[in-house]
Novice: 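Sharing a structure below in structure tokens format, with a few things to ask.
The sequence lines fix the lettering, A, B, ..., with proteins before strands; numbering per chain opens at 1.
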Number of protein chains: 2
Amino acid sequence: MVNAKIKHDCKIELNGVDLRATPARVALMKLLETTDKPLDVQTMIDYLNQQEVKTDPATVFRIVNLFKEKGLLNLIQLNEGKFRYELTSKPHHHHFVCEQCGAIQDISDFSIKAVEDAIQEKRQIKIKSHSLEFFGMCKNCLK
Amino acid sequence: MVNAKIKHDCKIELNGVDLRATPARVALMKLLETTDKPLDVQTMIDYLNQQEVKTDPATVFRIVNLFKEKGLLNLIQLNEGKFRYELTSKPHHHHFVCEQCGAIQDISDFSIKAVEDAIQEKRQIKIKSHSLEFFGMCKNCLK
DNA sequence: ATGGTTGCAAACACTTTGCACATGA
DNA sequence: TCATGTGCAAAGTGTTTGCAACCAT
């Protein structure tokens, strides 16, 4: 019942951006909705294959790219050699990555919108997005 | 003469971080010093091979990683699928990338150090570096 | 029914690694 | 001299693409 409900929600969400609600897409939406840190594609694949939903890397890459085009996902890079993704529906925030243990924390203590507006006007450019990530040592690793 | 002088400088610079001044390394330092935007490795390889200095991708990747370890280079990601590098000796700045034409501008109008300090204290973490990049449309492409 | 979606295999881009040879200090 | 660095080839990731079969609408 719970599953059915969530599936239904995702269906509406997906159809709303002209995408068919296939099992892999619905499962991926569910995963993204219940995860609090940016996911890389390999993690998504592993998760899906652990569930009832067998799928293929090519499919997941395609879904993720589609979701990004449709504006459902933000792309994030944390200086690894790969992309991570987060739902755009989550409140805007930045990240802190511990270089020792790899832990990722959300940073939402402030906004750089004012700065962004100032730069935009001064340079006569249009800023559509930004990425701001911090790197260092987390509380635990500092001990 | 000019070349000899620059070579000499790089030799000191390289030996200063316990690296031998080989032709590829010196040429790469020269390139990095005279370029104002973050370079990807393929661009470095193409440049070196156009010059007198024939070299191999593996070598350039190794040099770049060494330079980074030694603190000579900063790694930058602009949401492409690859790394870019800049000399750490350049004044700290951020970047703006035009999503239409790919142009990269330096953004050094402001600092987020105050913000960084506040986050660091509040969360009891140690922030060692950050990346802040802006994406949008440049002046030209807005026309 | 039919156009969007998938799986599979192959290819591509970027990066790393092993090892024998070469070279800077 | 000899530890360090290089070239070459091979392999390892992450990602994209072509195409026939499949399935959501």
Novice: Across the strands shown, which category fits A:Asn15 at heavy-atom distances under 4.0 angstrom: base, sugar-phosphate, nothing?
Specialist: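 Sugar-phosphate: the residue A:Asn15, judged by heavy atoms under 4.0 Å, touches backbone atoms but no base.
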Novice: Which part of the nucleic acid, if any, lies within reach of B:Asp40 when heavy atoms closer than 4.0 Å are counted: base, sugar-phosphate only, or nothing?
Specialist: nothing
Novice: Just by distance, no angles: are the side chains of B:Thr59 and B:Asp56 close enough, under 3.5 Å, to form a donor-acceptor pair?
Specialist: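 Side chains of B:Thr59 and B:Asp56: no pair found under 3.5 Å.
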Novice: Relative to the 5' end of DNA chain C, which residue comes earlier, B:Tyr85 or B:Leu19, by the nucleotide with the nearest heavy atom?
Specialist: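 Mapping each residue to its closest nucleotide by heavy atoms, the 5'-most match is B:Tyr85.
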Novice: Is there a donor-acceptor pair closer than 3.5 Å between any side-chain N or O of B:Thr88 and the backbone N or O of B:Gly71?
Specialist: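 A pair under 3.5 Å: yes.
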Novice: Under 3.5 Å, is there a donor-acceptor pair between the B:Gln50 and B:Asp46 side chains?
Specialist: no
Novice: Let me know the distance between CG of A:Leu14 and P of C:dT6, rounded to the nearest Å.
Specialist: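 My rounded result for the distance is 10 Å.
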Novice: Are B:Leu132 and A:His94 side-chain neighbours, meaning at least one heavy-atom pair lies under 4.5 Å?
Specialist: no
Novice: Are there over 12 heavy-atom neighbours, none belonging to B:Lys113, within less than 6.0 Å of that residue's NZ?
Specialist: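 No, NZ of B:Lys113 has 12 or fewer neighbouring heavy atoms, counting only those of other groups under 6.0 Å.
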Novice: Side chains of A:Thr35 and A:Tyr47: does their closest heavy-atom pair fall under 4.5 Å?
Specialist: no
Novice: Has B:Glu99 got a side-chain atom pairing as donor or acceptor with B:Phe135's backbone, closer than 3.5 angstrom?
Specialist: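 The answer is no, because no donor-acceptor pair under 3.5 Å joins these two groups.
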Novice: Decide, yes or no, whether a salt bridge links A:Lys37 with A:Asp106 under the criterion of side-chain N to carboxylate O below 4.0 Å.
Specialist: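 Here A:Lys37 does not pair with A:Asp106 in a salt bridge, since their nearest N and O are not under 4.0 Å apart.
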Novice: Reading DNA chain D from 5' to 3', where do the contacts with chain B start and stop? Cut-off is 4.0 Å to heavy atoms.
Specialist: D:dA3 to D:dA9
Novice: Checking side-chain polar atoms at under 3.5 Å, does A:Gln77 have a donor or acceptor matched by the opposite partner on A:Arg84?
Specialist: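 Side chains of A:Gln77 and A:Arg84: no pair found under 3.5 Å.
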Novice: Closest nucleotide of DNA chain C for B:Thr22 versus for B:Arg62: which of these residues is on the 5' side?
Specialist: B:Arg62
Novice: For the aromatic rings, using the six-membered ring if either is Trp, is the centroid distance between A:His130 and A:His92 under 6.0 Å?
Specialist: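 Yes, ring centres under 6.0 Å apart.
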Novice: Counting distance only, does the side-chain N/O of B:Lys54 pair as donor-acceptor with the main-chain N or O of B:Asn49 below 3.5 Å?
Specialist: yes
Novice: Kindly calculate the angle separating the two end axes of the helix from C:dA1-D:dT25 to C:dA25-D:dT1, each obtained from five base pairs, and round it to 10 degrees.
Specialist: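 Inter-axis angle at the termini of the helix from C:dA1-D:dT25 to C:dA25-D:dT1: 40°.
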Novice: Between B:Ile63 (CD1) and C:dT17 (P), how many Å, whole number?
Specialist: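 Value for this atom pair: 16 Å.
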Novice: Hey, which sits more toward the 5' end of DNA chain D by its nearest nucleotide, B:Asp56 or B:Arg20?
Specialist: B:Arg20
Novice: Does anything in residues 71-82 of chain B come within less than 4.0 Å of DNA chain D? Heavy atoms only, and list the residues if so.
Specialist: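 DNA chain D contact set from residues 71-82 of chain B: none.
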